[in-house]
Enquirer: 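Here it is, the structure in full.
Throughout, protein chains are lettered first and strands after them, A, B, ... in sequence-line order, and every chain is numbered starting at 1.
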Amino acid sequence: MSGELQIDDAVARGYPPAVLYLRNDEIVTTEVCAFNYFSVFMKDNPEADAHIWFFDGAGRPAGYFHRELGVNGQLQLQTSELCPRVSGTVAMSLIPKQETKLRPGRKVTTGYYAQYFSQHGAITLSHEREPVSAVSFPTTAWVQTYLTRFLEESGVVLVNSCMAANGSSVGTARLLAVDGRALGELALPEIPPMGAVSIATTTLFPDAKRLIGQAESFALEFKGTNIASPFSYYEFANGKFSLHHF
Amino acid sequence: MFPTFAGVESRMGFSIPVWYRPVDRKYLRSLVAGSLRKNFREVLKDLLPELGSLIASGVSKKLRFKLHILSRDGDYRTTYEFPDSFAPGASVEIELSDLFERLKLPQDDYLVIIVMSRGRMDGYRSSPGSYSMTYVDQDNVAIYRTGAFARPLNEGRLKAHVGFTGINPKIIATKDIVSSLMLINHSSDPEYAYTARPVLKLIRGDGEQLTGDFGEIPPLGAREVSVVDVFGNAVFDFLKPFGGRGTTVTTCTGMTLASLHLQRTNDNRRTLLGIEHSRPAHMNLSGILQH
């Protein structure tokens, strides 16, 4: 596509796109929402370009979108119209049109949101997560609690926000009791650079119900390399999908 | 500060990261570096309570939690202290509507201030990890997660905040869905006494905009308004050419506010579909050298 900004160019210029989970299938569609906040905070430089890159779960490029945003420009992009039936990662950069000087050693990150529409009118929201990294990075342990009564419906979405060719993510998952006791531990499947996976708790830990027992809640912990902060989810039999960043 | 909604299961959770330590080399380094940037009086005000509480806790890795329960108008109701302390790796979980019943509070919308015995005073001065609020009604689960503040907010002893600018590009006004904003007039000062009066702009895709008053938010209180509450039923026609979509820009001079974005069914704010905290957009510009 002519005029397309390459994602590695955006990173090299100091405007790394921030990642979010992308899901477009028969149950969920993803809308990316952004506002040209440069026009609010930089009155002498109010125009910006929105660049959005889409990747499938294996990290393969699945599309690109560009729009110029003027004063008070905004974007509510139905990604299912651009890449229907693609689930993986979306990454977005807002870059001011006029050349700006960056503080030495600093990057300009992008703030935006996604809303995920699912069946029976359900909507779930997330703000952007980590910026894309050109080099591998460690992921410290992220832990979140889940409701045991929704164990069968629960799971995690992991996004690899490293774009380096050798930047596959590796890591471990632990099933924890709320007092911190480890009930199970395993190695996560590798996620290719810019890819994403969605894994049910009972796929990770088939014996979770017995291990958790009667406790009202349990926790999942994820750590390793190149894993952006995870998302927990509940997906109900009626097609309602509820996703939340850790 | 977190909102609860009458008739909705509201569950607060917090998982203490296994790596959490009350003091480490990085933390001590940041305390010293921070002190060098302040005047002597500010150093004493910040450091003495911090060092005092470290000594009093015996530099324990365990954290304690208590909840102050307030009305949505910011009036104090009661305090609950968790009987146990919690070690790194453990999670704190409580169902707040059950707690309100045990505390004999009538069913109502509340605000809950969660106070933990220690935060991270380095970096962004926040909690080590995110709090999770889970709202479950009959067939929806809405969750948001955010860190707690470990820094002064809206306090008179400090330089005043420039102001609040909250941007929400997820606004929907259709026959099925109506977006709401909730703003919380928070403060780290229990005697905080300033009412907030934000102004709301609704901007649609062609740049046309409506302006309205958000309404008053009492000190330590919160207020939720939908775009229909502020702009009336005309909002449906205003956004219709743009698929019912738009952006709100909310401003309030001289104070900082916490902001939540809510998606509800078009049923006068009875059903909560989704909730997320906003992010301060100006932080994204901190890497740019501005004149």
Enquirer: State whether A:Arg149 and B:Glu95 are salt-bridged, where the test is any N-O pair (Lys NZ or Arg NE/NH1/NH2 against Asp/Glu carboxylate O) under 4.0 Å.
Expert: no
Enquirer: Which one, A:Ala141, A:Ser126, A:Ala18, leads in non-hydrogen pairs under 4.5 Å with chain B?
Expert: A:Ser126
Enquirer: Checking B:Ala281 against chain A: side chain, backbone, both or neither under 4.5 Å from a heavy atom?
Expert: both
Enquirer: Measuring from atom CZ of A:Arg103 to atom OG of B:Ser286, what distance do you get when rounded to the nearest 0.5 angstrom?
Expert: 7.5 Å
Enquirer: Using a 3.5 Å distance criterion without hydrogens, assess whether the side chain of A:Arg106 forms a donor-acceptor pair with backbone atoms of B:Ile288.
Expert: no
Enquirer: Output yes when a side-chain donor or acceptor of A:Gln144 lies under 3.5 Å from a complementary backbone atom of B:Ser15, and no otherwise.
Expert: no
Enquirer: Please round to the nearest 0.5 Å and tell me the distance separating atom CG of A:Leu176 and atom OG of B:Ser91.
Expert: 7.0 Å
Enquirer: Between A:Ser242 and B:Val141 (side chain of the first, backbone of the second, donor and acceptor by atom type, cut-off under 3.5 Å), is there such a pair?
Expert: yes
Enquirer: Got B:His282 and A:Tyr37 here, is their nearest side-chain heavy-atom distance under 4.5 Å?
Expert: no
Enquirer: Going through the checks in order, is the ring pair (Phe, Tyr, Trp, His ring centres under 6.0 Å) test met by B:His261 and A:Tyr113?
Expert: CA-CA 11 Å; B:His261 302 164; A:Tyr113 299 87; 5.5 Å; yes
Enquirer: Among the options A:Leu147, A:Val71, A:Thr124, A:Val40, pick out the one with the most heavy-atom pairs lying under 4.5 Å from chain B.
Expert: A:Leu147
Enquirer: Under 3.5 Å, is there a donor-acceptor pair between the A:Thr145 and B:Arg11 side chains?
Expert: no
Enquirer: For a 4.5 angstrom cut-off between non-hydrogen side-chain atoms, does B:Val18 reach A:Glu221?
Expert: yes
Enquirer: Between B:Glu208 and chain A, which part of the residue has a heavy atom less than 4.5 Å away: side chain, backbone, both or neither?
Expert: neither
Enquirer: Give, as side chain, backbone, both or neither, the part of B:Thr271 having an atom under 4.5 angstrom from any heavy atom of chain A.
Expert: neither
Enquirer: Side chain from CB out, backbone as N, CA, C, O: work out which of these in B:Ile16 comes under 4.5 Å of a heavy atom of chain A, or both, or neither.
Expert: neither
Enquirer: Would you say the side chain of A:Gln74 lies within less than 4.5 Å of the side chain of B:Arg245, judging by non-hydrogen atoms?
Expert: no
Enquirer: If you count heavy-atom pairs under 4.5 Å with chain B, which of A:His120, A:Arg181, A:Glu128 comes out on top?
Expert: A:Glu128
Enquirer: Sort B:Val249 into side chain, backbone, both or neither according to what part of it lies under 4.5 angstrom from a heavy atom of chain A.
Expert: side chain
Enquirer: Would you compute the distance between atom OG of B:Ser179 and atom CD of A:Gln115 and round it to the nearest 0.5 angstrom?
Expert: 7.0 Å
Enquirer: Assess whether a salt bridge exists between A:Glu31 and B:Lys170, defined as any Lys/Arg side-chain N lying under 4.0 Å from an Asp/Glu carboxylate O.
Expert: no
Enquirer: Tell me the closest heavy-atom pair linking A:Ser232 and B:Arg145, and the distance in Å.
Expert: OG-NH1, 2.9 Å
Enquirer: Which one, A:Thr140, A:Asn72, A:Val143, A:Ile123, leads in non-hydrogen pairs under 4.5 Å with chain B?
Expert: A:Ile123
Enquirer: Do any N or O atoms from the side chain of B:Arg279 and from the backbone of A:His127 form a donor-acceptor pair under 3.5 angstrom?
Expert: no
Enquirer: With a 3.5 Å distance limit and no angle check, can you tell me whether B:Glu93 reaches the backbone of A:Val178 through a side-chain donor-acceptor pair?
Expert: no
Enquirer: So how far is it from A:Lys107 NZ to B:Asn284 CG, rounded to the nearest 0.5 Å?
Expert: 12.5 Å
Enquirer: Less than 4.5 Å apart, any side-chain heavy atom of B:Ile143 and any of A:Tyr234?
Expert: yes
Enquirer: Rounded to the nearest 0.5 Å, how far apart are CZ of A:Phe150 and OG1 of B:Thr134?
Expert: 9.5 Å
Enquirer: Does any non-hydrogen side-chain atom of B:Thr165 lie less than 4.5 Å from one of A:Phe41?
Expert: yes
Enquirer: Just how far is it from atom NE2 of B:His277 to atom CG of A:Leu125, taken to the nearest 0.5 Å?
Expert: 10.5 Å
